[in-house]
Amino acid sequence: MGVTGPIRVVVAKPGLDGHDRGAKVIARALRDAGMEVIYTGLHQTPEQIVDTALQEDADAIGLSILSGAHNTLFAKVIDLLDQHDARDIKVFGGGIIPEADIAPLKEKGVAEIFTPGATTTSIVDWVNANVRQPAGT
């Protein structure tokens, strides 16, 4: 669609969860796969995450949530993207998310959920297949 350059992904840790090893592993895997990754760090609000995605012209937002607040935090990010007419930014995420919560999250607009045990390869492959393709592919 005329967009060139690598896929741009904001990787974020919303809420009070202080465990970011998984988010850093995913950020590095996406980077190593040729994507531009903006890691926002710990304790981000949904507003900060969406503002970063808009400022960085991101193609996707990857959220890592281990705190159990996934239903609230994912929904808030989706709502803020709607308010900014930015639903072209795909939202995906992972963490400790019960199987029963996955379908409702997808109904709200979360494109994909990765649970513990998902490989970095499967996440990279999903992003490449479901977020805009970089020029020349």
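Sequential numbering from 1 along the given sequence is applied to the chain's residues.
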Taking the side chain as everything from C-beta on, heavy atoms only, tell me whether [X] gets closer than 4.5 Å to [Y].
X	Y	result
Asn130	Glu112	no
Leu80	Asp82	no
His70	Asp101	yes
Ile49	Leu63	yes
Asp125	Thr119	no
Val9	Ile61	no

Output, in order, the C-alpha distance, side-chain angles, deciding distance and verdict of side-chain contact (heavy atoms from CB on, under 4.5 Å) for Leu54 and Ile89. CA-CA 9 Å; Leu54 294 170; Ile89 300 174; 4.2 Å; yes

Has [X] got more than 12 heavy atoms of other residues, nucleotides or ligands less than 6.0 Å from its [atom1]?
X	atom1	answer
Asp88	CG	yes
His43	NE2	yes
Gln83	CD	yes

Assign the ring pair Phe114 / Phe92 to parallel, tilted or perpendicular, where the plane angle (0 to 90°) is split at 30° and 60°. perpendicular

For the student: nearest non-hydrogen atoms of [X] and [Y], plus distance:
X	Y	value
Lys76	Pro46	CG-CB, 3.4 Å
Pro98	Ile96	CD-O, 4.0 Å
Ala29	Val124	O-CG2, 3.8 Å
His84	Val50	ND1-CG1, 4.1 Å
Ala23	Val11	O-CG1, 3.8 Å
Arg87	Ile78	NH1-CD1, 3.3 Å

Separation of Ile38 CD1 from Leu30 CG (nearest 0.5 Å): 10.5 Å

Distance in Å, Lys24 NZ paired with Leu42 CG, rounded so as to fall on 0.5 Å steps: 7.0 Å

Ionic contact status for Asp59 with Lys90, cut-off 4.0 Å: no

Do Lys13 and Asp17 meet the salt-bridge criterion of a basic N to acidic O distance under 4.0 Å? yes

Glu56 (side chain) donor-acceptor with Ala53 (main chain) under 3.5 angstrom: no

Looking at Ala118, is its backbone amide N or carbonyl O close enough to the side chain of Ser122 to form a donor-acceptor pair, meaning the two atoms are under 3.5 Å apart? no

Evaluate the side-chain contact (heavy atoms from CB on, under 4.5 Å) criterion for residues Phe74 and Ile65: first the C-alpha distance (whole Å), next the side-chain angles of each, then the deciding distance (0.1 Å), finally the verdict. CA-CA 9 Å; Phe74 275 112; Ile65 302 176; 3.7 Å; yes

